[in-house]
Structures are given as structure tokens and as C-alpha cells.
Amino acid sequence: MTPIGIHDLELATAHHVLDLGLLATSNGTDPNKYRIGIGQDEMSMPAPDEDVVTMGASAALPLLQRHGADGIRTLLFATETGLDQSKAAGVWVHQLLGLPAHVRTVELKQACYSATAALQAAIGIIARSPEEKVLVIASDVARYELDSGGEPTQGAGAVAMLVSANPALVEIEPISGVHTADVDDFWRPNDSSTAVVDGALSVRAYLDALTGAWDDLAARGGPELAAIDRVVYHQPFTKMAKKAQQRLSQHAGSDLGEVGLQTGSVYNRRLGNTYTASLYASLAALLDHEDDLAGQRVGLFSYGSGSVSELLTGIVQPGYASADRARRVREALDARVPLDVAEYRQLHATELPSGVDVATPRVTKAPFRFAGIRGRARHYERTDGG
Ligand code: CAA
């Protein structure tokens with residue numbers, strides 16, 4: 001069987017950053033609750049001329065610069081930060097990237113899980129047409145109400161993945177475990193720009209979904225836990241990965257200890273929650289911070305509240321390591337413009353007026369920007385002259 005999987009991936013984030021130490025001081029919380037208790041240092045926040053389209057296009061651009069667009073006939077855009085009830089956000093990305101017309105473009109939604117559905121759909125397409133490549137983009141802005149329990153677990157970012165036959169990074173193995181359960185742990189009603197969440201229930205639902213997906217993987221003949229070298233997890237906050245690894249170890253009867261948790265959290269600690277992109281940001285961090293993974297099996301646990309989850313495994317390919325990507329991500333994180341708490345609160349409270357034309361201020365330094373709304377349609381532009 002032709003190996004299929006992630007050939008290359010790239011990460012992008014937003015213009016601004018809030019240090020969680022500042023948030024803790026302003027709301028009277030011990031900063032260690034955020035840094036140690038939930039395992040988060042910072043959270044990214046978009047400028048008014050950024051959104052999931054600009055972050056997603058910015059993540060995908062380097063992939064096209066490295067590999068070209070040849071063979072890409074499908075663009076799958078995974079997000080739970082939908083910008084339109086009808087149009088797929090990927091259509092704007094397709095235009096910004098100058099992709100050829102002969103591409104099918106679609107948006108997928110199921111909370112933080114849908115990038116994994118996109119990855120599996122991509123693998124299915126390539127199994128049928130091995131000469132094709134699929135561009136999968138996961139992009140989200142995690143937003144909770146000011147002064148709510150979820151506030152320190154906000155964030156923003158995108159991961160773009162080129163999925164192909166004979167991948168250079170990670171071959172995805174055919175057997176996976178899946179799990180669906182109707183649970184009201186976290187959702188975002190159509191009339192709200194912030195999520196509704198029952199924090200404690202969401203943590204329990206995540207862990208139950210993990211064991212549910214594991215049981216399915218095992219029943220279908222997947223590898224024993226002892227044959228999985230690292231596991232990366234969806235990380236709404238990085239402590240969640242630690243809780244998940246403990247639960248999985250107990251449940252599957254093999255102790256993974258803390259292996260991979262630190263390296264797999266390097267980016268997530270600074271990005272905050274990136275919903276659909278979070279698991280793949282963790283995979284990028286693991287690949288960028290461990291140099292002996294060639295031939296090793298990595299488990300990937302994808303969780304989307306509501307809930308749908310999947311546990312898949314992949315084999316890291318020889319020559320996977322990229323010191324360049326680690327440098328690029330670090331530079332992008334370091335380049336974010338810090339907000340103080342008053343600026344953060346003001347930006348958080350700013351919402352686009354409904355039903356009128358809007359021109360956004362020029363703030364972002366990213367290669368693409370959200371220019372505004374004309375005649376109720378969103379408009380984007382390229383800023384780097386490319
Ligand atoms: N020093 C060190 N640790 C401290 C501390 C201190 N001073 N004070 C508290 N802590 C620890 C607590 O002991 C606790 O640790 P454990 O979880 O290991 O017991 C941790 O900090 C968090 O403390 P609380 O449980 O009291 O925190 P909270 O009530 O403020 O809620 C939260 C935390 C549930 C994550 C909340 O931020 C939230 O609702 N976030 C959004 C929902 C979410 O992310 N859910 C995750 C699963 S759902 C999912 O994965 C989908 C998704 O992306 C949203």
C-alpha cells in the first residue's frame with residue numbers, strides 16, 4: 001500500500017500577544033495558576049485586519065513556495081470560527097494564494113476535531129489518486145467572555161499541511177479509533193462570538209472521549225500503547241495533555257510517563273488554544289524539538305467538543321527534522337506585538353458592526369490582511385506584493 005500522510009506543515013499566528021502573567025495580576029489570580037496549573041504562558045490575539053483566513057493563508061504560503069501548487073486539486077479548511085454561514089473560508093484562501101481554478105474547496109466543522117476529518121478525507125482522496133496532493137488548513141481564534149473561567153485559555157493560530165503519497169514527515173497508519181458522544185461541554189451558538197463552556201464537564205468529556213477512541217483503536221487491531229513512542233494531544237491548555245497522557249497510561253496499562261509532553265507543548269504554551277490547529281501545532285513542536293524520532297510511532301489524539309474524537313497513529317519519516325521551521329515559528333512568536341490588559345480588553349470588545357461597510361485599520365505585518373466589508377461581502381488583500 002502506498003504510504004500517505006503529512007508531507008510538510010507550517011504554522012502561523014496572529015499579530016498580538018498577551019502575557020498571562022499580566023492577566024493574572026490584573027484579575028487577582030496567582031500567576032502560577034496559569035503557568036503551572038493550566039500550563040500556559042501567553043496567548044495570541046488577532047489584530048482587527050486578521051482572521052482565520054489571513055492566518056490560514058499565511059501558514060499555507062510557505063508550503064506553496066517550497067513545493068508549488070502542482071497536484072493540489074483539493075483545499076480543505078477546518079475551523080470552528082466560521083466567517084460565513086454559506087461560503088467556505090478556504091475560497092478566500094484559494095484566491096489569496098493564487099491557486100488554479102481546478103481545485104475543490106470546502107470548509108469542515110466539528111469543534112476542534114475537524115482538521116483530523118480533513119486529514120482523513122485527504123488521505124482517502126490520495127488513496128484513489130496518488131498523484132494528487134491536498135492542502136489542509138486548520139485555523140481558529142479561541143474566544144471566551146472577558147472575566148470568565150475560559151479567558152486564560154484563549155489563543156489564535158493556524159497550521160497548514162500538505163498531504164501526499166510518500167510523505168516526507170509523517171506517514172499516517174490506516175487504523176484509527178473514533179468516538180462520538182452528544183455532550184454539551186462546549187459550543188458556540190450562532191448569535192455569539194464567544195464560546196459557551198462547562199469547564200469541568202469539558203475536561204471529563206475530553207478524557208472519556210480519549211478512552212473511547214483508544215478502545216476503538218484497540219478493537220480494530222491498532223498498536224499496543226507500548227508500541228507507541230510519543231503521543232501528541234489536542235491542547236486547549238497544555239496541562240490537558242498531561243492529564244490525557246496519565247489517563248491513557250492508566251487505561252491502556254502501559255506507563256508513558258511524561259515522555260513527549262514538554263517538547264509537544266513548546267508552541268501551544270505560547271499560542272494558547274488554537275482549536276482545530278492545536279493538535280497539529282503540538283505535532284510540529286514535537287518534530288521540531290526532538291531529533292531522534294525517525295521511524296518512531298506517534299499517536300495523535302484529536303478532540304472536538306460536542307463531541308467527536310479520533311486517535312490515529314503515524315510513523316515519523318527519516319529526514320523529518322527541520323531546524324528552519326523551529327526558527328521560523330520562534331521568530332513569529334517573538335515578533336508578536338505585546339498588549340497590556342487594557343488594550344487586550346478593548347480589542348476583545350471590538351466587534352464588526354453589522355450590515356454596514358467597514359474598512360479595517362492597517363495593523364498586521366502578515367502577508368495577507370482582512371481589508372473590510374463592502375456590500376456585506378468580506379474582502380482580503382495581499383500585503384507583501386507577492
Ligand atoms: N499554582 C499552581 N496550580 C494552581 C494554582 C496555583 N496557584 N491554583 C490553581 N492551580 C491548579 C489547580 O489545582 C488545577 O489543577 P488540576 O487541573 O491539575 O487539578 C488547575 O490549576 C486549574 O484550576 P481550576 O480547575 O480551579 O481552574 P478553573 O476553574 O479556572 O478552570 C478550565 C480551568 C476548566 C481549563 C477553564 O479555563 C476553562 O473552562 N477553559 C475552557 C474549556 C477548556 O479548555 N476545556 C478543555 C477540554 S474541552 C476541549 O479540549 C475543546 C476545546 O478546545 C475548548
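Order of listing sets the numbers, starting from 1, for every ligand and every atom in it. All values below were derived from every heavy atom in this structure, side-chain atoms included, with hydrogens, water molecules and symmetry-related copies excluded.
- Other residues, nucleotides and ligands place no more than 12 heavy atoms under 6.0 Å from the CG atom of Asp70.
- Against a heavy-atom cut-off of under 4.0 Å, Tyr303 is close to the following atoms of ligand 1: 48 (S), 49 (C), 50 (O).
- Taking the six-membered ring where tryptophan is involved, the planes of Trp92 and Tyr380 are tilted, since the angle between them lies from 30° to 60°.
- Atom 20 (C) of ligand 1 has Gly37 O, 3.4 Å as its closest protein atom, hydrogens excluded (heavy atom only).
- Applying the 4.0 Å criterion to heavy atoms of Lys239 picks out, from ligand 1, the atoms 15 (O), 16 (P), 18 (O).
- Here the rule is side-chain contact (heavy atoms from CB on, under 4.5 Å) with Val141, and of Gln154, Met55, Glu80 only Met55 fits it.
- In this structure, atom 31 (O) of ligand 1 has no protein heavy-atom contact shorter than 4.0 Å.
- Residue, atom and distance of the protein heavy atom nearest to atom 51 (C) of ligand 1 are Ser305 OG, 3.3 Å.
- When only interatomic distances are considered, the shortest N/O to N/O separation between Tyr206 and ligand 1 does not fall below 3.5 Å.
- In this structure, atom 12 (C) of ligand 1 has its sub-4.0 angstrom surroundings free of protein heavy atoms.
- Considering backbone and side-chain N/O of Gly149, one or more are found under 3.5 Å from N/O of ligand 1.
- With respect to atom 35 (C) of ligand 1, the closest heavy atom belonging to the protein is Phe237 CE2, 3.3 Å.
- Between Ser254 and Glu224 the shortest side-chain heavy-atom distance does not fall below 4.5 Å.
- The backbone and the side chain of Ser202 each have at least one atom closer than 4.0 Å to an atom of ligand 1 (non-hydrogen atoms only).
- If you look at Phe77 and His94, their ring centroids are not closer than 6.0 Å.
- Atom 42 (C) of ligand 1 has as its closest protein heavy atom Val197 CG2, 3.5 Å.
- The ligand atoms of ligand 1 that sit less than 4.0 angstrom from a heavy atom of Tyr144 are 41 (C), 42 (C), 54 (C).
- For Tyr275, no nitrogen or oxygen atom sits less than 3.5 Å from a nitrogen or oxygen atom of ligand 1, counting backbone and side chain alike.
- Considering CE of Met45 and CG of Leu18, their distance stands at 8.0 Å, rounded to 0.5 Å.
- Of the protein's non-hydrogen atoms, Lys33 CG, 3.6 Å is the one closest to atom 9 (C) of ligand 1.
- Every atom of ligand 1 with a heavy atom of Phe186 under 4.0 Å away is listed here by number and element: 54 (C).
- Ionic pairing of Glu258 and Lys242 is present here: one or more N-O contacts between side-chain nitrogen and carboxylate oxygen are shorter than 4.0 angstrom.
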Next on the checklist: Test side chain to side chain donor-acceptor pair (under 3.5 Å) on Thr274 and Asp140; report intermediate values, then the result.
Outcome noted: CA-CA 5 Å; Thr274 55; Asp140 266 303; over 6 Å; no

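- In terms of polar-atom proximity, Asp185 is not counted as a contact of ligand 1, lacking any N or O under 3.5 Å from an N or O of the ligand.
- In Lys243, the part holding a heavy atom less than 4.0 Å from any atom of ligand 1 is the side chain.
- Residues Val159 and Leu283 have side chains not in contact (no heavy-atom distance under 4.5 Å, counting atoms from C-beta outward).
- Separation of atoms OG (Ser282) and CZ (Arg269) is listed at 12.5 Å; rounding is to 0.5 Å.
- Scanning the protein heavy atoms around atom 34 (C) of ligand 1, the nearest turns out to be Gly199 CA, 3.7 Å.
- Within 6.0 Å of CD on Glu132 lie more than 12 heavy atoms contributed by other residues, nucleotides or ligands.
- Scanning the protein heavy atoms around atom 33 (C) of ligand 1, the nearest turns out to be Ile38 CG2, 4.5 Å.
- Aromatic ring orientation, His234 versus Tyr303: tilted (interplanar angle from 30° to 60°).
- With a heavy-atom cut-off of 4.0 Å, Thr153 touches ligand 1 through its side chain alone.
- Atom 6 (C) of ligand 1 is flagged as protein-proximal [any protein heavy atom, distance under 4.0 Å].
- Looking at atom 2 (C) of ligand 1, its nearest protein heavy atom turns out to be Asn32 O, 3.4 Å.
- The line from CD1 of Ile228 to CG of Leu311 is 6.5 Å long, rounded to the nearest 0.5 Å.
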